[in-house]
Amino acid sequence: MVLESFAPGGQAGSSSLIENFFGFPTGISGGELTNRAQLQAFRFGAKFSTPAQALSLAFGEGDHAAVLQIVGSTAKLRAKCVIIATGADYNRIDADGRERLEGRGVYYAATAAERQLCRSATVIVAGGGNSAGQAAMFLSEYAEKVLLMIRGADLSKSMSSYLSLRVEAKKNIEIICHTEIRKMTGEKHLETVELENIETHERRTVQTSAVFSMTGAKPRTDWLPPEIERDDKGFVKTGAAVADAPAWKSAKRPPGLLETSRPGIFAAGDVRSGSVKRCTAAVGEGGMAVEGVHQVLGTYA
Ligand SMILES: Cc1cc2nc3c(=O)[nH]c(=O)nc-3n(C[C@H](O)[C@H](O)[C@H](O)COP(=O)(O)OP(=O)(O)OC[C@H]3O[C@@H](n4cnc5c(N)ncnc54)[C@H](O)[C@@H]3O)c2cc1C
């Protein structure tokens with residue numbers, strides 16, 4: 001049973017073009033990848049419940065490792081195993097005026113719809129990771145100029161080198177280092193953005209109709225009980241990192257690679273501590289977690 005609180009696809013569903021997914025040499029949009037994946041899952045017998053948000057997780061008796069409470073339902077779901085794959089949420093830019101202008105110039109995805117709004121304009125992409133690099137490349141085909149704003153000194157720390165090379169070579173992308181957005185203004189729509197150099201504290205105002213916030217994400221782990229151990233940023237720990245957890249001390253086997261601090265409960269994808277934060281990695285971890293589930297179910301048989 002797949003519980004999905006919003007719509008299948010998660011973050012990948014909002015990506016305009018995924019170029020590094022295995023088997024798609026010319027790239028694929030997140031929406032199309034999501035549709036194909038869901039059809040494939042249906043074919044293999046997965047049952048989707050959407051929208052259905054897991055509200056809490058408690059631990060069951062006997063061979064039921066978990067009891068899930070679901071939002072909007074009085075029913076509880078008893079499961080022998082659970083794979084936590086609740087991903088992560090976008091970080092918001094901490095700037096005056098941002099909240100009022102969300103959806104009116106402040107965006108968290110760069111799809112064909114947003115790109116239409118950027119024709120011949122100067123736009124800002126905030127962030128130094130792969131999502132920011134892709135958005136900058138994608139928008140640079142329509143926008144007159146893309147300002148790629150990063151807090152660090154260069155792109156090498158957080159962006160794949162194949163992408164950073166392309167971004168750096170693109171004539172209408174300007175990389176602005178050591179910079180944060182302080183203020184966003186506009187009547188009905190974003191008009192200006194105030195930038196601050198965090199080293200010199202120098203400020204400047206840029207006329208722009210769009211800011212794309214690509215500044216990372218927080219794990220969606222609020223619904224989990226404290227027994228599911230997390231790292232200092234809230235990502236779920238697995239494998240060797242939970243070997244000393246109380247539930248594993250009395251167990252007859254060590255935790256599997258993707259098993260959490262509670263036996264039979266797994267974590268995969270962006271929600272997992274140390275995960276790579278890429279589609280291929282999330283899909284691969286999902287497959288590995290399912291294998292772990294089969295092993296656990298085998299022990300119950
Ligand atoms: C704009 C953008 C572009 C990207 N481009 C690329 C790319 O080109 N290549 C690449 O490899 N990666 C890319 N990524 C990263 C990639 O999308 C993620 O690494 C991947 O989607 C992670 O998958 P996930 O299933 O772990 O989590 P998510 O995609 O975050 O999915 C988690 C799902 O769980 C649901 N959920 C959350 N909480 C609950 C709950 N309590 N109950 C039920 N459901 C819940 C959410 O609604 C969501 O659908 C991009 C990300 C973004 C945002």
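Just so we're clear, the structure is a prediction, and the values are computed from it rather than from any experiment. For ligands, and for the atoms within them, numbers begin at 1 and follow the listed sequence.
Residue pairs satisfying the side-chain hydrogen bond (donor to acceptor under 3.5 Å, both in side chains) criterion with at least one member in residues 265-277, sequence neighbours excluded, are listed as follows: Q11-D270, D231-S273, T238-R272, R272-E285, S275-K277. For the ring pair (Phe, Tyr, Trp, His ring centres under 6.0 Å) condition, the pairs that include at least one residue of residues 162-218, sequence neighbours left out, are Y107-F212.
An N or O contact shorter than 3.5 Å links E4 to ligand 1 by distance. Taking any N or O of Q134, backbone or side chain, at least one lies under 3.5 Å from an N or O belonging to ligand 1. Checking only distances, C279 does come within under 3.5 Å of ligand 1, N or O to N or O. Considering backbone and side-chain atoms alike, I18 places every N or O at 3.5 Å or more from each N or O of ligand 1.
Contacts with ligand 1 closer than 4.0 Å are made by no heavy atom of P8, backbone or side chain. Of all the heavy atoms of A88, the ones lying under 4.0 Å from any atom of ligand 1 belong exclusively to the backbone. Residue N130 does not touch ligand 1, judged by heavy-atom distances below 4.0 Å. Heavy atoms of A54 found under 4.0 angstrom from ligand 1 belong to the backbone as well as the side chain. Residue-level proximity to ligand 1 for A52 is carried by the backbone, the only part with a heavy atom below 4.0 angstrom. With a 4.0 Å cut-off on non-hydrogen atoms, R220 touches ligand 1 through its side chain and not its backbone.
Distance CG/L155 to OG/S161: 11.0 Å, rounded to 0.5 Å.
Near G10, meaning under 4.0 Å from one of its heavy atoms, ligand 1 places the atoms 29 (O), 31 (O), 48 (C), 49 (O).
Because its NZ or CZ atom is both nearer than 6.0 Å to the ring centre of F138 and within 45° of the ring axis, R115 counts as a cation-pi partner of that residue.
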